[in-house]
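What follows is a single structure, written as structure tokens, with notes after it.
Note that these values count all heavy atoms, side chains included, but never hydrogens, waters or copies made by symmetry.
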Amino acid sequence: MAVNAIDQTRRMLSLVTYLRERPGAHVSDVARAFGITEDELISDLDVLPMCGTSFRGGDLLDIDTDGDRIWWHNPDDVAEPLRLAADEATALLVAARAVATLPGLRESDRQALLRATAKLEAAAGEAAGASSRLSVTFESEGGVFADVDRAISERRRLWLRYYSPARDELTEREVDPIRLFAVGHTYMEAWCRLSEARRTFRLDRVAEIKLLDAPAAPPELELRDLSAGLVQPSADDPEVEVEVGPGGRWVAEYYPHDSAEELPDGGLRITIRTPAPASLRRLALRLGRDGRITSPRDLAETARRAAREALAAYDSDDAQRQD
């Protein structure tokens, strides 16, 4: 069963207390105690060392593992009473108030957050007054995240209007959400009723979302291992060759690729494997003068044709504005 983001946060907070009381705990024992896999536990341990008692860095959790046992090297330092500077208290209060307004947040979590905020306000003194004059407005993705998180926790189906970049169109579909995860962007993995298959949806591409009364009933699926990234091309996938100039070298950083050969002008010749080569036409349009698809030939031609059509449409619009 998928675990939503709030439940995962609770688990990681509990993990801190658990490990502090059990120096040198075995990975297998800890995973069994929390009802998760060893890979999920290792993933949590990769995040915990980035947490600490100060927004400025330092005082971080010094936790590591050799794959068999877990060691926490500075539990006493972290256990010292938390002392927040005025700017830290202000930032924390503003964030807490903003999260408390998110749609889809479970009422028990909202009330717990409000109680904690009240205690922090009392301890912060004058800083609490300054924070009350600030506010944060979440972008639309925040509301989508809250609806997905609620749907997962309540096991309910979702209706989406979703933008598909590969087809350059909006589609409507009902999905049974499985989990939320982040790999560069935030994604929802779900069982799509339209395609009758598992699909991954990027939250910032959700144009509209509704929580349905129908129960979510995704089939029993083995969760994908995302440690190597969201896109994991197969050796059987077609190859696409892209040549980029110096301004397009970022492609090698964002797209999994088989090879990136240096070119005399400072650019790269990049070989990418993808099950949907046509989806890279949008990459070619985005690159503009900084790159082009060179192989396979039919894809290269359709990309050039799409670029010419886009340029013609731009010139037409520009001429109409001048008239």
Side-chain angles (χ1 to χ4, degrees), residues 1-5 7-8 37 39-40 103-104 139-240 254-257 272-286 293 296 298-299 302-303 306:
M1 181 178 66
V3 177
N4 66 42
D7 288 337
Q8 184 179 19
T37 67
D39 286 343
E40 289 173 322
E139 296 181 359
S140 59
E141 184 178 322
V144 173
F145 181 98
D147 285 339
V148 175
D149 188 65
R150 181 180 173 188
I152 292 173
S153 65
E154 298 179 6
R155 300 183 183 180
R156 291 167 64 181
R157 188 169 298 173
L158 288 166
W159 173 88
L160 307 175
R161 287 182 67 238
Y162 185 75
Y163 173 69
S164 173
R167 293 191 295 272
D168 192 23
E169 64 180 6
L170 283 167
T171 60
E172 296 183 12
R173 60 187 78 201
E174 292 186 6
V175 303
D176 293 342
I178 298 171
R179 62 170 169 168
L180 283 161
F181 63 91
V183 181
H185 296 275
T186 307
Y187 296 86
M188 168 182 63
E189 189 171 22
W191 182 259
C192 177
R193 295 283 168 175
L194 178 65
S195 58
E196 287 298 317
R198 173 165 48 187
R199 292 290 185 265
T200 300
F201 302 93
R202 216 172 90 176
L203 295 198
D204 61 354
R205 292 177 178 160
V206 176
E208 190 177 353
I209 185 170
K210 292 178 184 177
L211 197 61
L212 302 179
D213 291 331
E220 291 293 330
L221 299 170
E222 183 178 351
L223 295 181
R224 296 164 54 202
D225 179 10
L226 300 172
S227 59
L230 177 62
V231 180
Q232 300 173 30
S234 164
D236 297 328
D237 288 341
E239 285 188 352
V240 177
Y254 285 89
Y255 284 80
H257 54 276
I272 300 172
R273 287 188 183 274
T274 173
S279 65
L280 293 181
R281 281 199 300 265
R282 292 184 62 82
L283 170 63
L285 289 172
R286 182 180 176 187
I293 295 174
D298 58 343
L299 179 59
T302 58

Exercise for review: Mind checking the NZ-CG spacing from Lys210 to Leu160? Nearest 0.5 Å is all I need.
Suggested key: 11.5 Å
Check your understanding: Do the non-hydrogen side-chain atoms of Leu180 and Leu203 ever get within less than 4.5 Å of each other?
Key -> yes
**Study point:** Lys/Arg-Asp/Glu bridge criterion (N-O < 4.0 Å) met for Glu208, Arg161
**Key:** yes
Exercise for review: Before giving the answer on side chain to side chain contact (heavy atoms under 4.5 Å, CB included), spell out for Val175 and Arg199 the whole-Å C-alpha distance, their side-chain angles and the decisive distance to 0.1 Å.
Suggested key: CA-CA 9 Å; Val175 303; Arg199 292 290 185 265; over 6 Å; no
Review point. Stepwise, does the side chain to side chain contact (heavy atoms under 4.5 Å, CB included) test hold for Trp191 with Glu196?
Key: CA-CA 7 Å; Trp191 182 259; Glu196 287 298 317; 3.7 Å; yes
Study note, to complete from the structure: side-chain contact (heavy atoms from CB on, under 4.5 Å) test vs Tyr187 passes for just one of Asp204, Thr200, Val148, namely Thr200
Point to revise | Contact summary for Leu170 and Ala207, nearest pair of heavy atoms | key: CD2-CB, 3.9 Å
Review point. Nearest heavy-atom pair of Asp147 and Leu158: which atoms, and what distance?
Key: O-CD2, 4.2 Å
Point to revise | Polar side-chain atom of Tyr162 near backbone of Arg202 as donor-acceptor pair, under 3.5 Å | key: yes
Point to revise | Rounded distance [0.5 Å steps], CD in Glu154 versus CG in Asp149 | key: 9.5 Å
Practice item. Could you tell me whether the side chain of Met188 reaches within less than 4.5 Å of the side chain of Val206, counting heavy atoms only? Key: no
Exercise for review: Compare every heavy atom of Ile152 with every heavy atom of Pro177, then report the nearest pair and how far apart it is.
Suggested key: CB-CG1, 3.8 Å
Exercise for review: Mind listing the closest non-hydrogen atom pair of Leu211 and Ala151 along with its distance?
Suggested key: CD1-CB, 3.3 Å
**Study point:** Under 3.5 Å donor-acceptor, Arg156 side chain and Leu212 backbone
**Key:** yes
